[in-house]
Amino acid sequence: MASQFLWVIVPYLALVLFVAGHIWRYQRDQFGWTSKSSELLEKRQLRLGSLLFHWGILFVFVGHVMGILIPEPFYEALGVTEEMYHALALAGGIPAGLAALAGFVILFRRRLTVKRVRVTSSTGDWVALGFLLVVITSGLSSTLLNVNSHGFDYRTTIGPWFRGLLTFRPDPVYMETVPLWFKIHILAAFGLFAVWPFTRLVHVFSFPLRYLQRSYVVYRKRMPKSVDSLDRAQ
Amino acid sequence: MKNGELRLKSGSKAMRLVNLFYNPYQPTIDDYYEPWNYDYETLTNSPSKQYQPVARPKSSITGEWMELSWGPNWEDDLAGAHVTGLRDPNVVKMEQSIQAEFENVFMMYLPRICEHCLNPSCVSSCPSGAMYKRDEDGIVLVDQNACRAWRYCVTSCPYKKVYFNWQTNKAEKCTLCFPRIEAGMPTICSETCVGRIRYIGVILYDADKVKEAASVEDEKQLYHAQLDIFLDPNDPAVAAAAKEAGIPDEWITAAQRSPIYKMIVDWKIALPLHPEYRTLPMVWYIPPLSPIINTIEGKGSSASANDIFPAIDNMRIPIEYLANLLTAGDTAHIRTTLKKMAAMRSYMRAKQTNKQPDIRLVESLGLSREDIEEMYRLLAIAKYEDRFVIPASHREEVADLYAEQGSCGLAFAGGPGACGTL
Ligand code: SF4
Ligand code: SF4
């Protein structure tokens, strides 16, 4: 019962909030949709912190896709053995995780100690930071406590469970043997997903890839009478 | 900004995405000044005591008491030029060094607003496409709803005319008072200028040639390249083409009467600010003349322009300085422009004191008697309806104004246009 609740109901609630929250926010609050940069207020600490954090977290994200979303048979088909995968995961994951954590600590300290940044922080910022703190530390601990390649294998447990969630065939049984650190990490992550759309984290989805193929100068025409006049002219 | 081809100085598009998490060029608030307020209440609430109460400055960001060390207009006149003056790139570029010594000091006031460039680098550098140039009147705006605070516009505008609002976390800039322009009214800064030095009008230009004009190799030719893309609204072919392109008659008539077209193209007395930035700026300036005239002419004498012309090179405001501002360092244009202004003065003075104006002088500058008199009317008499020839844009007919509420203006909560902020 408890496992049904923790590994099926909670994740779905969080994901529904995540998706619906983004749609709602995108429709209702374009003006509040911003990366909320505080570089104007403090720049020196931001430099190291932001660079470490963002680049670290990007690689961590790639790692998660490789470990959780891509199923094990895929690697086997490529001829990547368990040992090879594990070595690669640790070699990439630990530095990326450490960089993200270091960046996070610098940014967190900055937010607490630089008065200009502190007073311009919103509740959402603190909530996001709190979740991120738990997610990053628990995630990194899980990895560090699981260096042994014959230890716990998330690719046969967490992976199928998570893919089951996404394909609407959730099976909490997969989660039974998962160590505590991983469980904390996963639950905190779903907590983060649930608050995500209501914080500044929405800026992740604004990463301006379209810029690369846009013409330099953007002209907007006078639009015929329609609400579409708000849409971006490319 | 180039390498055979037009480039943004702040790097390629890809570079800008790589630097998204930390913009190395971005100024911090201390490069402007920390905003503050005074606690005036202590003045009115203070109990009676021996010493007069003082309103102390308090930071608008942190709410802490602060020691003021820099602020708006801090370096006005002689106050801070010794701090910022020598860093002024226009001064740095000058060959003969001007010293910040008291007897050599000159002051020049240059009101700067956004240039609403034809090739706006702020727009080119905005990764979210939130900045745009309006098709119908060329006004450059930030869509407050689309801005995602990447701040590249702030660092990419060479005129430093986009600012980051630390409360709303969005970029803001001069809007050329577009709601007033749409209604056919001049901008607030132009309307309220007591010197009546600001003029607004329509200029038709060939948008397809913008890139070519901005890519001209020689910086000194950029001014000419920009002049070349302006179209003559009195040319029937141009007027017909404009009509075909859907430009309303009212706009074409306004372009024909445009005060700025006369100053820029007909008389060539207005020059673009820093054309070497290659953004093709659209706020143009007439270089100032006064100080030298006063010293040379002295005691109300009617010095002839022949005396004035050589003196132009000895102006209090060095001609090189003006050239660095307005012609990418080419002093020849500045000299001609100043000569035209001087000739206008001497012509009108002669006329009003019943002397024979020296028409040869005027003609030697490529102007006619009518030109001079029209210049005088526009510049010195400066009637409201001559200074501002702005056609209404009838936006109410084309746009859903209700849905557009609050999307580009700055009158949202926390924006500078809202009541009761800061
Ligand atoms: S002056 Fe700056 S802000 Fe204004 S249009 Fe030009 S580049 Fe953009
Ligand atoms: S008054 Fe209007 S046009 Fe003038 S600087 Fe301000 S916003 Fe721009």
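Because the structure is a prediction, the values reported are computed rather than measured. Naming: A, B, ... by sequence-line order, numbering from 1 per chain. We use all heavy atoms of the structure for the numbers below, so side chains are in, but hydrogens, waters and symmetry mates are not.
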Task: Phe31(A) side, atom CZ; Asn169(B) side, atom CG - distance, nearest 0.5 Å - done: 9.0 Å
Task: Residue selection (most heavy-atom pairs with chain A, distance under 4.5 Å) from Pro27(B), Cys122(B), Cys126(B) - done: Cys126(B)
- [ ] Please look at Ile139(B) and chain A and tell me whether the side chain, the backbone, both or neither of the residue comes under 4.5 angstrom of a heavy atom of that chain.
- [x] neither
Open item on the list: If I measure from the heavy atoms of chain A, does Asn23(B) come under 4.5 Å with its side chain, its backbone, both, or neither?
Closed with: both
Open item on the list: Just to be sure I understand the criterion: a residue of residues 87-119 of chain A counts if one of its heavy atoms is under 4.5 Å from a heavy atom of chain B. Which ones qualify?
Closed with: Lys115(A), Arg116(A), Val119(A)
TODO: Pull out the residues in residues 131-140 of chain A that come under 4.5 Å of chain B, heavy atom to heavy atom, sorted by number.
DONE: none
TODO: Give every residue pair that meets the side chain to side chain donor-acceptor pair (under 3.5 Å) criterion with at least one member in residues 191-201 of chain A, sequence neighbours excluded.
DONE: none
Open item on the list: Working to the nearest 0.5 angstrom, can you tell me the gap between Glu136(B) CD and Tyr219(A) OH?
Closed with: 13.0 Å
TODO: Tabulate, in ascending numerical order, the residues of residues 35-64 of chain A having at least one heavy atom closer than 4.5 Å to a heavy atom of chain B, or enter 'none'.
DONE: Ser35(A), Lys36(A), Ser37(A), Glu39(A), Leu40(A), Leu41(A), Lys43(A), Leu46(A), Arg47(A), Ser50(A), Leu51(A), His54(A), Trp55(A), Leu58(A)
Open item on the list: Other residues, nucleotides and ligands only: do more than 12 of their heavy atoms fall within 6.0 Å of OH on Tyr25(B)?
Closed with: no
Open item on the list: Under a 4.5 Å cutoff for heavy-atom pairs, which residue among Val123(B), Asn119(B), Asp31(B) has the most contacts with chain A?
Closed with: Val123(B)
- [ ] Enter the distance from Tyr211(A):OH to Ser125(B):OG here, rounded to the nearest 0.5 Å.
- [x] 5.5 Å
TODO: Look at atom NZ of Lys209(B) and say whether more than 12 heavy atoms of other residues, nucleotides or ligands are closer to it than 6.0 Å.
DONE: no
TODO: Heavy atoms only, distances under 4.5 angstrom: which of Phe164(B), Tyr32(B), Trp150(B) has the most pairs with chain A? Name it, please.
DONE: Trp150(B)
Task: Leading residue by heavy atom contact count with chain B [cutoff under 4.5 Å; candidates Thr120(A), Leu212(A), Leu209(A)] - done: Leu212(A)
Open item on the list: Please check if the number of heavy atoms outside Lys243(B) that lie under 6.0 Å from its NZ is greater than 12.
Closed with: no
Task: Full working for side-chain contact (heavy atoms from CB on, under 4.5 Å) between Tyr132(B) and Val217(A) - done: CA-CA 7 Å; Tyr132(B) 61 102; Val217(A) 179; over 6 Å; no
TODO: Would you mind reporting whether Thr34(A) and Cys147(B) have side-chain heavy atoms less than 4.5 Å apart?
DONE: no
Open item on the list: Can a donor-acceptor pair be found, under 3.5 Å and without considering hydrogens, that links the side chain of Arg148(B) to the backbone of His203(A)?
Closed with: no
